[in-house]
Number of protein chains: 2
Amino acid sequence: MEQNLQRRSGVALWRQIADSISSDIVRNIQDPNGKLPGEIALAARYGVNRHTVRTALRALSEQGLLETRHGDGTYVLRKPHVVYPLGRRTRFSDGIGDQAGAKRGRLVSSMLEPAETNVALGLALHPGTQVLRLDTISEADGYPMTRSTSWFDAGRFATMADFFSRTGSITAALKHYGIEDYFRKSTRIHARHATTAEIAELKLSAGAIVLVTHAVNATPEGEPLQYSITRFPADKVTLSIETDIAQ
Amino acid sequence: MEQNLQRRSGVALWRQIADSISSDIVRNIQDPNGKLPGEIALAARYGVNRHTVRTALRALSEQGLLETRHGDGTYVLRKPHVVYPLGRRTRFSDGIGDQAGAKRGRLVSSMLEPAETNVALGLALHPGTQVLRLDTISEADGYPMTRSTSWFDAGRFATMADFFSRTGSITAALKHYGIEDYFRKSTRIHARHATTAEIAELKLSAGAIVLVTHAVNATPEGEPLQYSITRFPADKVTLSIETDIAQ
DNA sequence: TCGAATTTGTGCGTATGTATG
DNA sequence: GCATACATACGCACAAATTCG
C-alpha cells in the first residue's frame, strides 16, 4: 500500500521505515504506549520483507523509542516530541518550560570575532565590527533539543558569556545590561540534512533532518540585540506560530 | 579530517557526502558558481575511496546542484531560492508575488469528505462533518513551489472549487462568499523526507526534504475558515516570519 | 492444564547495492 | 573497468514466547 519507499536512493529501506514509524509516533498517528501493528502487517504496508521491518524496529528499540516483547508485540515507549512556539515574545528557553524538564541552555563556547555579512545585517552593524559569539546547546529530558549560535554587539555585551553560563538563559543575561524586555523581530526557517558536527552534538543518526531558524531579537524600539541561528532535530520538534488576531 | 561518516547506519556513505556538500552550499560555505575541491581531495577529506565521492557528485549533478567539466573540475550552480512570508496576513499566492513569476495556484482535485480529527479540530467542527477538500499546486518560474491540501466547511463553501479554478486564488474565491478579509491564526512547521507522490508532484529527487506547514486561516473575529497542509521543497524555499514590533 | 492461533526470534541461501583498491 | 568484501533485502522454514478459549 504505502510503499513510498525509495530504492537505490542511498538510504536503506530499513532506515526509511524507521524514520516513517518514528514520525508517525511524533505526529500522534501512533499512540504513545500503544501497540504497533505486527511485523507481518508492517511488512505488507511498506511492501518489504519482514526481516527489513525487523531491522527498522531493532534500530528504534536500540534508540529507546520502542520495546518488543517476544510472542506479544511491539510497543511505543514514549513520545519525545516538543512544540516550540515562535511568537513575538519567543525565548526558546522559556518556550518549552511547561513541556519538558530542562529550561537551561549549556554554553559550549564563546569567542569574539568580526561580524560576517549576515550577522552584521541582522544586528545593523558594519561588517567586520567585533561581535560576541555564543554557542549553546539546550536539552529536554536529557536529550539535546537545540543547537544555537548567537551573536551580540561586543561593544555592548562583552561579558554576556559569564552571565549566560551562570543562569543558562539569554533573557536573564540581558537583564544584567538593563534590558527588561525584548521581542522576536524576524525569523527565517529552512530545513536541510544535518552536518556531521550536528549529528554528533544533537545525537542524531546519519541522514537526519534539521530545522534551522535565523532570528533577530530586538528591543521594543526595534533596536537589534541578538542574531541567532538555531538548529532543531526535525524528527523531535515542531515549530508553532500562534497569532493573536485581536491585536 | 571530517571523516565522521557513519557506516552501517542505513545511509550510504555517498549519500552522507552528498548531503554534506549540499548543506555546505546552502550555508554559503561553498561559493555559488565556485569550484569544488578535486575528487582526490574530497576523498581524503571524507576518508573514503574516490569512487564513493564520484557517486555523491553524480547524484548532486543529476539533481542540478553541480556541474562537472571533464578535465577541469566540479562547479556549484546557482540555486533559485524563494522566501515565503508567514505573517498574520499570509496568503501564499500573494506572498511570492514580487519574487517570482507565477501567482496562480492550479487545482489538482476537489472532493467532499468527512472531516478527520485534525481537520475538524482546525475548523472547529465535529469530526465527520462534511468538508470540501481542495488539492492545489502553485508554481514559480515554471517550477512547482507548493503542494497544498485545504479543507473548508462544505455547508458554507460548497462551490469553492469553481471559484478557485477560475481565479487561482483562495483569497479571490472567499470574496465570492462575502469574506473580504481573513488572517493566519496558527501555523505549525515541521520537516521530513518527501514521499514518492510528493517527489513526482513537486519534481524533486529521491531523498529530498519537504517543509510542511499546518495552518488555520480565520475571520477577523477568529472564526476558522480554512485548514491547510502545505508542502514546500526545502532546498528551494525559506519560510519567513516578520513581526511588527509596533503592534 | 491443554492446545491452537498469533507474534516475535533465528537460521540459511541468494541476489543486489555499496565501498574499496 | 575489474575483482573483492561487506551491507542490504528477499524468501522460506522453523523455533520460542505469549495469548486466549
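Just so you know, these numbers come straight off a predicted model, no measurement behind them.
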(request) Give me the first and last nucleotide of DNA chain C, going 5' to 3', that has any atom under 4.0 Å from a heavy atom of chain B. (result)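 Nucleotide range with atoms under 4.0 Å of chain B: C/dT18 to C/dG21.
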
Mark yes when over 12 heavy atoms from residues, nucleotides or ligands other than [X] sit less than 6.0 Å from its [atom1]; otherwise mark no.
X	atom1	answer
A/Gln63	CD	yes
A/Glu116	CD	no
A/Tyr75	OH	yes

Residues forming a salt bridge (Lys or Arg N to Asp or Glu O under 4.0 Å) with [X], sequence neighbours excluded:
X	answer
A/Arg133	A/Glu113, A/Asp135
A/Arg69	A/Glu67
A/Arg188	none

Please enumerate all protein N or O atoms sitting under 3.5 Å from an N or O of nucleotides 1-5 of chain D, with distances to 0.1 Å.
| residue | atom | partner | partner atom | Å |
| --- | --- | --- | --- | --- |
| D/dG1 | O6 | B/His51 | NE2 | 2.8 |

(message) Just to be sure I understand the geometry, which residues of residues 54-68 of chain B put a non-hydrogen atom under 4.0 Å away from DNA chain C?
(response)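 Contacting residues: none.
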
(request) Determine, stepwise, if the pair A/Arg147 / A/Thr136 fulfils side chain to side chain donor-acceptor pair (under 3.5 Å). (result) CA-CA 6 Å; A/Arg147 171 68 181 79; A/Thr136 62; 5.8 Å; no

(request) Taking side chain to side chain donor-acceptor pair (under 3.5 Å) as the test, write out the residues that go with A/Lys203, two or more places apart. (result)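 Listed in chain order: nothing, the list is empty.
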
(request) Report the residues that fulfil side chain to side chain donor-acceptor pair (under 3.5 Å) with A/His193, sequence neighbours left out, ordered by chain and then residue number. (result)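 So A/His193 forms a side chain to side chain donor-acceptor pair (under 3.5 Å) with B/Asp19, B/His193.
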
(message) Under 4.0 Å from OP1 or OP2 of D/dC10: is there any side-chain N or O of A/Thr52 that close?
(response)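 So the side chain of A/Thr52 is within the cut-off, an N or O lying under 4.0 Å from OP1 or OP2 of D/dC10.
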
(request) May I ask you to verify if any side-chain N or O of A/Asn49 is less than 4.0 angstrom from the OP1 or OP2 atom of D/dA9? (result)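 Checking A/Asn49 against D/dA9: no side-chain N or O falls below 4.0 Å of OP1 or OP2.
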
(message) The criterion is ring-ring contact (aromatic ring centres under 6.0 Å, His included); which residues satisfy it with B/Tyr227, sequence neighbours excluded?
(response)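 Expected list: B/Trp151.
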
(request) Output the residues of residues 8-18 of chain A in contact with DNA chain D, where contact means a heavy atom of the residue under 4.0 Å from an atom of the strand; sort by number or write none. (result)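 Residues of residues 8-18 of chain A that come under 4.0 Å of DNA chain D are, in numerical order, A/Ala12, A/Leu13, A/Trp14.
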
(message) Can you confirm if the aromatic rings of B/His81 and A/His190 lie within a centre distance of less than 6.0 Å?
(response)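 No, they do not, as the ring centres are separated by 6.0 Å or more.
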
(request) Could you give me the stems involving DNA chain C, meaning stretches of three or more consecutive Watson-Crick or G-U wobble pairs whose two defining distances are both below 3.5 Å? (result)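 Stem segments, range with range: C:2-21 with D:2-21.
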
Polar atom pairs (N or O), protein with nucleotides 17-21 of chain D, under 3.5 Å:
| residue | atom | partner | partner atom | Å |
| --- | --- | --- | --- | --- |
| D/dA17 | O4' | A/His70 | NE2 | 3.4 |

Is there a donor-acceptor contact under 3.5 Å from the side chain of [X] to the main chain of [Y]?
X	Y	value
B/Ser165	B/Ala161	yes
B/Glu198	B/Thr195	yes
A/Gln16	A/Gln6	yes
B/Thr213	B/Ala215	no

(request) Just call it for B/Arg50: base, sugar-phosphate, or nothing, with non-hydrogen atoms closer than 4.0 Å on any strand. (result)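 No contact.
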
(request) For side-chain contact (heavy atoms from CB on, under 4.5 Å), just list the numbers for A/Leu86 and B/Ile241, CA-CA rounded to whole Å, side-chain angles, deciding distance to a tenth of an Å, and then say yes or no. (result) CA-CA 9 Å; A/Leu86 290 185; B/Ile241 308 162; 3.9 Å; yes

(message) Less than 4.5 Å apart, side chain to side chain, heavy atoms only: is that true for B/Leu65 and B/Val76?
(response)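 The answer is no, as the side chains (C-beta and beyond) never meet within the 4.5 Å cut-off.
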
(message) Between P on D/dA7 and CG on B/Leu5, what's the gap in Å once rounded to a whole number?
(response)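 Roughly 16 Å, once rounded to whole Å.
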
(request) Check A/Pro233 against A/Leu204 and note the closest heavy-atom contact, atom names and distance. (result)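 For A/Pro233 and A/Leu204, the tightest heavy-atom pair comes out as CB-CD2, 3.6 Å.
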
